[in-house]
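Lettering follows sequence order; numbering is per chain, from 1.
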Amino acid sequence: MFYRESGDFKATYNKDQQIFTIALDRWFVILFVAFAFLVVPFLINDYWEKSVLVPVLVWSIAALGLNILVGYCGQLSLGTGGFMAVGAYASYKLTTAFPELNMFIVVLLSGGITAFVGILFGLPSLRIKGFYLAVATLASQFFLVWLFNKVPWFYNYSASGMIIAPERFVFGIAITGPNAPPWATYLFCLTIVVVFALIAKNLTRGRIGRSWMAIRDMDIAAEIIGVSPLYAKLSAFAVSSFYIGVAGALFFSVYLGAAEPTEAFGIDKSFLVLFMIIIGGLGTIFGSFIGAAFMTLMPVLFKNIMVGGLGWPTDLVAHLILILIGGLIMFFLIVEPHGLAQLWRIAKEKLRLWPFPH
Amino acid sequence: MGHQPNINDMLLEVKNISLSFGGVKVLSDISFDIKRNEIRAIIGPNGAGKSSMLNIINGFYHPQQGEIWFNGHKRVSEKPFKIARQGIARTFQNIALFKGMSTLDNLMTGRITKMNTNIFWQALWKGPAEREEIQHRERVEQIIDFLKIQSIRKTPVGRLPYGMQKRVELGRALAAEAKLLLLDEPMAGMNLEEKQDMCRFILDVNDEFDTTIALIEHDMGVVMDLSDRVVVLDYGRKLADGTPDEVRNNQTVIDAYLGVVHD
Ligand SMILES: Nc1ncnc2c1ncn2[C@@H]1O[C@H](COP(=O)(O)OP(=O)(O)OP(=O)(O)O)[C@@H](O)[C@H]1O
Ligand SMILES: [Mg+2]
């Protein structure tokens with residue numbers, strides 16, 4: 001009975017349209033974010049940064065981006081890895097060409113460049129749908145990775161063909177490179193995630209979000225009542241690619257530090273992000289986060305238990321993890337096709353009535 | 001009804017429309033008009049071409065021949081979403097709601113032609129986007145009250161019973177505040193009580209909002225009660241056109257349609 005919405009009446013439409021309509025939810029999220037900003041930076045160490053926090057944050061942005069395109073606008077894409085590569089190479093070119101540039105600006109510009117590329121590769125969506133569109137985006141995945149391998153200008157003619165993130169700063173604090181302190185990279189990613197999650201929420205609860213969902217749910221009816229399919233689809237591709245580009249830039253410059261396109265941005269990344277949003281919940285912002293956390297943390301957890309706890313050999317565990325994750329994905333798809341976000345919603349509905357179920 | 005002197009009395013004129021798919025002729029040389037603020041019924045047996053006619057009016061089908069005059073202007077061939085913006089809204093024979101969205105969001109989507117803050121303001125939310133949202137929400141709430149669907153405001157429409165879905169779809173079309181409302185069998189599959197409600201809504205919309213309505217309906221009782229004028233189609237040809245009484249007493253119509261289906 002503590003978790004409730006009764007007695008929490010909305011007197012204005014403004015209040016009814018806020019992000020978390022239930023007061024308790026709102027407070028919980030505010031506390032959580034405050035904890036993440038004010039407490040975690042003092043506790044963080046190298047292990048937590050590299051294995052848990054930064055990857056979860058980076059993949060959350062990628063999942064948010066793909067969810068906008070697939071979950072909200074209904075346009076299936078398998079090009080996520082390729083678009084992350086665009087963001088990564090954009091940030092590499094920008095940081096090497098303009099060493100003085102603030103990393104926030106580098107990341108935003110990388111997102112912008114990826115948005116532009118996303119619009120180009122989104123053009124086929126105006127003519128083809130569903131499975132065929134997925135195949136077209138798959139082609140863009142392979143084309144982009146091929147491009148970054150083939151054209152030496154992208155990797156500044158380095159002998160190895162790899163790109164390595166130089167040390168770059170935000171307000172004098174190193175964010176990239178081996179000397180960047182864990183709290184700094186973490187706060188940098190966290191800030192970007194919080195801002196972009198808010199923006200995603202704002203976009204999806206307003207006119208543009210409704211036009212995306214209208215296209216997703218029934219594209220012909222949407223067009224007949226006044227939604228421009230061209231604008232809705234291309235804006236979804238642009239926004240989605242922007243997010244994925246930002247994720248790619250962070251993944252390369254902050255998380256990996258060095259990358260080679262085939263390895264870092266292959267088709268497996270496209271599927272990884274797709275699994276995240278399917279497991280988390282298509283068409284929900286919250287689902288993007290739990291999906292990203294689930295897919296990043298499960299392997300870490302299993303590894304800690306099996307290698308750390310039980311002392312099994314690492315290579316065996318690596319394969320076992322793949323099998324387990326695959327099994328879990330199938331389990332979730334069968335038991336709750338609407339993802340973890342839906343399970344959470346159902347739990348809340350139950351909790352709202354608890355302890356009097358009727 | 002305040003008629004402006006310069007614009008003619010007709011909101012819509014359909015002139016010599018012919019439409020075919022491949023070799024199949026669906027409409028041949030159809031002409032009729034719709035006066036401002038009238039309820040105009042389009043009737044005819046299954047496959048007569050009624051829905052196709054509405055699809056032409058809102059730009060989804062492009063006829064091989066003929067002209068459409070809307071609001072005093074000859075219309076050039078346009079994308080449907082642009083025609084929606086000129087003030088034509090519709091409902092569909094097979095419900096075409098956005099299943100994953102709530103009733104409220106479906107109605108808000110109906111107002112898409114009237115909203116225009118850009119994507120950057122929307123990303124920010126506070127400011128113009130929020131103001132616009134609230135202003136349109138108020139209008140949508142009036143429609144929700146009018147249709148008495150307050151209790152399902154937040155329900156995903158996929159979960160609603162059939163009759164309610166039809167009502168929400170009417171709401172979505174009303175939300176557009178269009179000059180011309182096209183209703184494709186709004187009462188099909190409803191029970192008597194639901195039909196009466198729907199008739200009431202249609203009459204009230206026509207009266208209170210001064211909306212011109214084109215209505216496709218199979219129930220002759222409803223057609224005769226609601227409409228000011230009726231056009232009868234039969235296998236792509238126009239059989240008759242006139243007041244309900246004229247149409248009811250027209251011998252060709254009796255032979256071809258009414259005599260078979262009704263009374
Ligand atoms: N897109 C299309 N492609 C091919 N044929 C079509 C198409 N749309 C309609 N037709 C054909 O045009 C004819 C008229 O169809 P329409 O849906 O306009 O009839 P209707 O009068 O609305 O009938 P009903 O009362 O059953 O709704 C039918 O024979 C139909 O098969
Ligand atoms: Mg029809």
Side-chain angles (χ1 to χ4, degrees), chain A residues 5 10 12-19 21 68 71-74 115 126 195-232 234-236 238-239 242-243 281-284 338 342 345, chain B residues 54-55 58-60 79-86 88-92 95-101 104-106 108-126 129-138 140-141 153-154 157-158 169 172-173 175-176 178 182:
Chain A
E5 60 180 347
K10 311 295 178 300
T12 63
Y13 297 138
N14 192 355
K15 287 253 169 60
D16 195 39
Q17 286 166 354
Q18 53 195 346
I19 298 182
T21 42
I68 284 172
Y72 282 95
C73 196
L126 302 175
V195 169
F196 280 106
L198 262 178
I199 289 177
K201 189 70 203 176
N202 289 344
L203 288 176
T204 51
R205 65 178 159 156
R207 169 178 62 93
I208 293 204
R210 285 191 294 266
S211 71
W212 291 339
M213 291 186 276
I215 290 285
R216 170 196 71 190
D217 285 350
M218 196 158 276
D219 53 352
I220 290 175
E223 178 167 14
I224 286 175
I225 70 164
V227 176
S228 158
L230 178 110
Y231 185 79
L234 292 189
S235 64
V239 174
F242 185 97
Y243 278 63
L282 290 168
T284 68
H338 296 292
Q342 176 72 7
R345 202 153 40 225
Chain B
L54 293 197
N55 282 335
N58 69 16
F60 187 57
K79 289 264 163 58
F81 75 91
K82 293 211 169 132
I83 287 170
R85 277 162 206 203
Q86 294 169 4
I88 299 182
R90 79 172 283 184
T91 66
F92 299 84
I95 298 171
L97 286 170
F98 306 125
K99 290 260 157 50
M101 299 159 77
L104 180 63
D105 277 336
N106 267 276
M108 287 296 283
T109 312
R111 289 193 72 75
I112 208 132
T113 52
K114 302 219 175 312
M115 301 176 82
N116 51 27
T117 52
N118 69 40
I119 193 165
F120 297 102
W121 283 120
Q122 299 221 2
L124 197 61
W125 190 255
K126 287 283 166 214
E130 188 179 41
R131 275 200 299 279
E132 183 181 59
E133 189 83 4
I134 290 171
Q135 175 199 335
H136 289 276
R137 174 78 187 269
E138 277 161 6
V140 161
E141 288 292 336
R153 196 187 271 118
K154 295 279 170 82
V157 293
E169 209 192 7
R172 187 180 68 186
L182 312 172

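- For Ala200(A), no part sits under 4.5 Å from any heavy atom of chain B, backbone or side chain.
- Every residue meeting the side-chain contact (heavy atoms from CB on, under 4.5 Å) condition with Ala178(B), not counting sequence neighbours, appears here in chain and number order: Ala89(B).
- Looking only at distances, a side-chain donor or acceptor of Arg85(B) sits under 3.5 Å from a matching main-chain atom of Gly226(A).
- In this structure, chain B has heavy atoms under 4.5 Å from both the backbone and the side chain of Arg205(A).
- Contact count versus chain B (heavy atoms, under 4.5 Å) is highest, among Ser211(A), Ala221(A), Ala214(A), for Ala214(A).
- Side-chain atoms of Leu97(B) and Met218(A), non-hydrogen and from C-beta on, never get closer than 4.5 Å to each other.
- Between chain A and the options Thr113(B), Thr109(B), Asn58(B), the largest number of non-hydrogen pairs under 4.5 Å is found for Thr109(B).
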- request: List the steps, then state whether side-chain contact (heavy atoms from CB on, under 4.5 Å) holds for Lys201(A) with Trp125(B).
  value: CA-CA 9 Å; Lys201(A) 189 70 203 176; Trp125(B) 190 255; over 6 Å; no

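- Taking both residues in full, the closest heavy atoms of Ile119(B) and Val239(A) are given as CD1-CG2, 3.9 Å, listed atom of the first, atom of the second, then distance.
- Contact annotation for Lys114(B): neither backbone nor side-chain heavy atoms come within less than 4.5 Å of a heavy atom of chain A.
- The candidate from Glu133(B), Lys126(B), Met115(B) with the greatest count of non-hydrogen atom pairs under 4.5 Å with chain A is Glu133(B).
- Looking at Phe98(B) and Arg210(A), their side chains never come closer than 4.5 Å, going by heavy atoms from C-beta outward.
- Contact annotation for Asp105(B): both backbone and side-chain heavy atoms come within less than 4.5 Å of a heavy atom of chain A.
- To the nearest 0.5 Å, atoms CG (Asp217(A)) and CE (Met101(B)) are separated by 6.5 Å.
- Proximity to chain A is limited to the backbone of Asn116(B), based on heavy atoms less than 4.5 angstrom apart.
- Between Asn202(A) and Leu124(B), every side-chain heavy-atom pair lies at or beyond the 4.5 Å cut-off.
- A ring-ring contact (aromatic ring centres under 6.0 Å, His included) check over residues 196-226 of chain A, counting only residues at least two apart or in different chains, returns the pairs Phe196(A)-Phe242(A), Phe196(A)-Tyr243(A).
- Chosen from Ile225(A), Leu198(A), Ile220(A), the residue pairing most often with chain B at heavy-atom distances under 4.5 Å is Ile225(A).
- Side chain of Arg207(A) to backbone of Thr117(B): a donor-acceptor contact under 3.5 angstrom is found.
- At a 4.5 Å heavy-atom cutoff, Arg111(B) makes no contact with chain A through either its backbone or its side chain.
- In this structure, no portion of Tyr72(A) lies under 4.5 Å from any heavy atom of chain B.
- Of the possible donor and acceptor atoms, none in the side chain of Gln122(B) sits under 3.5 Å from a partner among the backbone N and O of Gly206(A).
- For a residue to count as touching a neighbouring chain, one of its non-hydrogen atoms must lie under 4.5 Å from one of that chain's; by this rule Ala129(B) does not touch chain A.
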